[in-house]
Amino acid sequence: MQIKTLVAAFAVALSMNAAWAQAPIVIKFSHVVATDTPKGQAAERFKEQAEKLTKGRVKVEVYPNSQLYKDKEELEALQLGAVQMLAPSLAKFGPLGVKEFEAFDLPYIFPSKAALYAVTEGPIGKGLLKKLEPKGITGLAYWDNGFKIMSANKPLHVPADFRGQKMRIQSSKVLDAQMRALGANPQVLAFSEVYQALQTGVVDGTENPPSNMYTQKMHEVQKHLTVSNHGYLGYAVIVNKKFWDGLPADIRAQLEQAMRDATTFEKAIAQRDNDLALEAIRKAGKTTIYNLTPAEQAQWRQALLPVHKQMEGRIGKDLIQAISRETAKK
Ligand code: LMR
């Protein structure tokens, strides 16, 4: 073997040895829901894929159920670089100054999942993620958790039933307007505080997809559920921009592939997990589950659709109209 080849082989061995010897890049992925939810499962799938595709050069530490940070704290921690990855609800970006994400909270804005994906996977969704960059955040993907139902300790059949009810919401001005349009009193609480607030009567009721209600045992402290599907709950998977831009290009490409895999997986399980959670709540037998009649649904829409116009000044009339045009095609 020529000297030249020997030297080249030795250099490769050295560089591999150096790479192997290097400590792995650690990604702390914090979130606020249980592992046994669509988001929780997708975070684990991302961990698995990221560590496999980077051959151990990246280690993902997942911190579920608000173990590391609660709602508001987690966004601050990401911007400080104390964690590298989050997947907050789209209803939680208003306090960051990116109010446009609250368009996802508008009642009945998505007539179907297909219509939702047309927005999140098209130019509107991409444009919204771009708005995070001036905040030092890079948006990687959208994850899904389906449509929300309502719960309380009294039946919620028509809007008048909400009058005077203290209803927990996420930190979204659209959700505040939604609950006020129903005659309820909205109260922002961190997700980790909802169960205790319901149990102690700090709030009377709340809204969430079934998977969140079931995994936080909210059905054990709520006597009535209404399968309203009045609004949507989804997530933006985000990273600290400085961290992400500082990654070696090959590792970043492998992590992007891991994120694509996890996103495909998450979309495939989201609806099933929520259907199973609603069934499990029914089987637990502690909560009455009510389906609205068409006449009642019409009353809910009549009460809630004016929120779109009311929120034009906050979200942007153009954005609301662009979403409506996009969803109308589906
Ligand atoms: C909530 O706060 O109700 C949800 O955003 C929690 C979650 O991340 O699904």
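Remember, it's 1-based here, ligands and their atoms both numbered in the order they're listed. Model, not experiment: these values are computed from the prediction. We count residues from 1, following the sequence as given.
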> Would you say the side chain of F101 lies within less than 4.5 Å of the side chain of V98, judging by non-hydrogen atoms?
Replying inline: yes

>> Contact between I251 and R57 at the side-chain level, heavy atoms closer than 4.5 Å - yes or no?
In response: yes

> Would E296 and Y290 count as having a side-chain donor-acceptor pair, cut-off 3.5 Å?
Replying inline: yes

Could you pull out every N or O of ligand 1 that sits under 3.5 Å from a protein N or O, with the distance for each pair?
{"from": "ligand 1", "atom 1": "2 (O)", "to": "K92", "atom 2": "NZ", "distance (Å)": "2.7"}
{"from": "ligand 1", "atom 1": "2 (O)", "to": "R168", "atom 2": "NH2", "distance (Å)": "2.9"}
{"from": "ligand 1", "atom 1": "3 (O)", "to": "R168", "atom 2": "NH1", "distance (Å)": "2.7"}
{"from": "ligand 1", "atom 1": "3 (O)", "to": "N208", "atom 2": "ND2", "distance (Å)": "2.8"}
{"from": "ligand 1", "atom 1": "5 (O)", "to": "K92", "atom 2": "NZ", "distance (Å)": "3.1"}
{"from": "ligand 1", "atom 1": "5 (O)", "to": "Q170", "atom 2": "OE1", "distance (Å)": "2.6"}
{"from": "ligand 1", "atom 1": "8 (O)", "to": "K39", "atom 2": "NZ", "distance (Å)": "2.7"}
{"from": "ligand 1", "atom 1": "9 (O)", "to": "N212", "atom 2": "ND2", "distance (Å)": "2.8"}
{"from": "ligand 1", "atom 1": "9 (O)", "to": "Y235", "atom 2": "OH", "distance (Å)": "2.5"}

Please list, one pair per line, the donor and acceptor atoms closer than 3.5 Å that link side chains of residues 105-113 to other protein atoms, with sequence neighbours excluded.
{"from": "D105", "atom 1": "OD2", "to": "S172", "atom 2": "OG", "distance (Å)": "2.8"}
{"from": "S112", "atom 1": "OG", "to": "A114", "atom 2": "N", "distance (Å)": "3.4"}
{"from": "S112", "atom 1": "OG", "to": "A115", "atom 2": "N", "distance (Å)": "3.0"}
{"from": "K113", "atom 1": "NZ", "to": "D144", "atom 2": "OD2", "distance (Å)": "2.8"}
{"from": "K113", "atom 1": "NZ", "to": "Q271", "atom 2": "OE1", "distance (Å)": "3.0"}

> Under 3.5 Å, side chain of W300 to main-chain N/O of H157, donor-acceptor pair present?
Replying inline: yes

>> Would H224 and N153 count as a side chain to side chain contact (heavy atoms under 4.5 Å, CB included) here? Give the steps.
In response: CA-CA 6 Å; H224 295 273; N153 284 316; 5.6 Å; no

